[in-house]
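First comes the structure, then the notes that go with it.
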Amino acid sequence: MILDLKTKVDKLGIEDRVSRITKRSLKSEAKLQGLKMILSMIDLTTLEGMDTNKRVEQLCYKATHLHQELPELPNVAAVCVYPNMVKTASNSLKDSEVKVASVATAFPSGNSSLEVKIQETKEAVFNGAEEIDMVISRGKFHSGEYNYVFDEIAIIKENCGDKARLKVILETGELGDYDHIRLASEIAIKAGADFIKTSTGKIKPAATLPITLVMLEAIKDHYYNTGKMVGMKPAGGISNSKLALQYLVMVKETLGNLWLDKHWFRFGASSLANDVLMQILKQKTGVYQSNNYFSKG
Amino acid sequence: MSKRIKVLKTYKIFIDGKFPRTESGRYTQLKKDNLTIANVCLSSRKDIRNAVLSARNAFESWSSKSAYNRSQILYRIAEMMEGNKNQFIEELILQGEEFNKAILEIDQSIDRIIYFAGWPDKINPIFGSVNPVASSHFNFTILEPMGVVGIVASEENSLLGLISSIIPIILSGNTCVTIVSEKLPLCAISLAEVISNSDVPNGVVNIITGSKDELAPHLAQHMDVNALGVNIDNKELKNQMFFQASNNLKRVVDVSKYKIEDSSFESPYIVKKFMEAKTTWHPIEKDFTSTNNY
């Protein structure tokens, strides 16, 4: 593999662009359209040590029944769970279009042998996962073993086969500066990632607008060079509609309309859906809403 | 020596323990005899939204503090007001009050806080009850705070009226969003400064200035507000608010029925109005040798 390690990120440029994007404001009809789009792009996530089958079933129910008072709403894109919950989720969602996503490869640390990671991936795919969210080996990345990181992603991709799309989590909170994030993005894209994803949600800072922009730029350059599209998934810390709308604006202005689709852009979030629902209801009724009237999920 | 330039205070609103300007950027000039006294924020519905959010976030920790601790904190407000008396007197006079009446009002206000500061740990001993039931249950009723209370404070009595609205409501563990007197808002902001210096956690009291006609309906129909304490004379607005409050079955209390200036206002019954009774049936083993009824 030959990587162009010279791509440096213009830190001030990135941050300046983000600050201009955050000053936009979407109103009325455009806002409503944006909010519905956000809903359709959410990966409803539960990744806790205390997850139970019932909890996952409840989340799957929520994924397909967002709010009864607003039946015309789209469903979320996917439900994201730990590998041992894939069967449960897959059973609960078998009659719907909502995808089952599973984290794999010793999430969230990624500190395990390659054999174990491959086995875990195979099992998740076998049990019905249609999307695999893998983590890269940050330790190896920091040791400069970029080839190891590349090969690992490639072999997991191979094991996903044509049954599952692969999202590669960079865990940007552990990568350091923008140059590292850009490099990790390129490694993941070239190794065959279908999506690149910012964070596990277990480390702070998780997704931020500037980090996402750096990754979007990597996707854009790859698209210009090869004509191939790669998806983007910011995850962690996106809990309100206003911020999510800013992400949408950024995607549209960096990559264009092609990426404004759940096939190419996702939000990894657990509490975002309720905030979006409350905003939609506020938009329709003019009344500020309360969390008490929405399912916890 | 050159003449000293006067330093004038910027009157801002009070949300989540901070003093932001209104989100809308609008303000109005408060005038007396054609002289500008102060610029006052003309808040918008988004300020109401932010204030309700902060009150909601503050509710859990404020209501779970020990009643005794809330008592101490309220007493602290009174102490801090005592130290800032002159400022309040100046503002009351600036708003058109006579000197003697201003002193009376501030003294009465401080005394009223002291009066209510004694109540937090005595409400449940007095209003709570153990109820006789026929089955083998230990049945008891306690009063709990309702949550976020929207307050529309009196147009007159800018200080005493405000204190009489806020203190009895927050003492039980409620948090509040208060729309204050439109024509006499100065004391309200100074009260906010006192509150922010008195160990009252951020968000327990939020104070908004601006047009009641514009702001009150948003407070009344907000789904995350649990009760309303309304002290206004405008019948049309009051009826509109009470109607809107029905959307999530808010409790509404017409505070204008009470005589605020009168010492008869000082009673625990006004506190009870903003509390919810909870009755618990606790299974117990029936003790047939016992002679008591519960």
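Note that the structure is a prediction, hence the values are computed from the model and not measured. Below, chain A is the first sequence line, B the second, and so on; all start at residue 1.
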Ring centres under 6.0 angstrom apart (A:F294, A:H67): yes
Exam field: side chain B:K212 to backbone B:A153, donor-acceptor pair closer than 3.5 Å: yes
Neighbour count >12 (heavy atoms, 6.0 Å) for atom OH, B:Y27: no
Closest-packed option against chain A by number of heavy-atom pairs under 4.5 Å, given B:N247, B:V52, B:N248, B:V225: B:N248
Any residue of residues 281-288 of chain A which, by heavy atoms, sits under 4.5 Å from chain B: A:K282, A:G286, A:V287, A:Y288
Within-4.5 Å side-chain heavy-atom neighbours: A:L47 and A:V103: yes
Aromatic centroids of B:F127 and B:Y269 separated by under 6.0 Å: yes
Donor-acceptor pair, side chain of A:S290 and main chain of A:N292, under 3.5 angstrom: yes
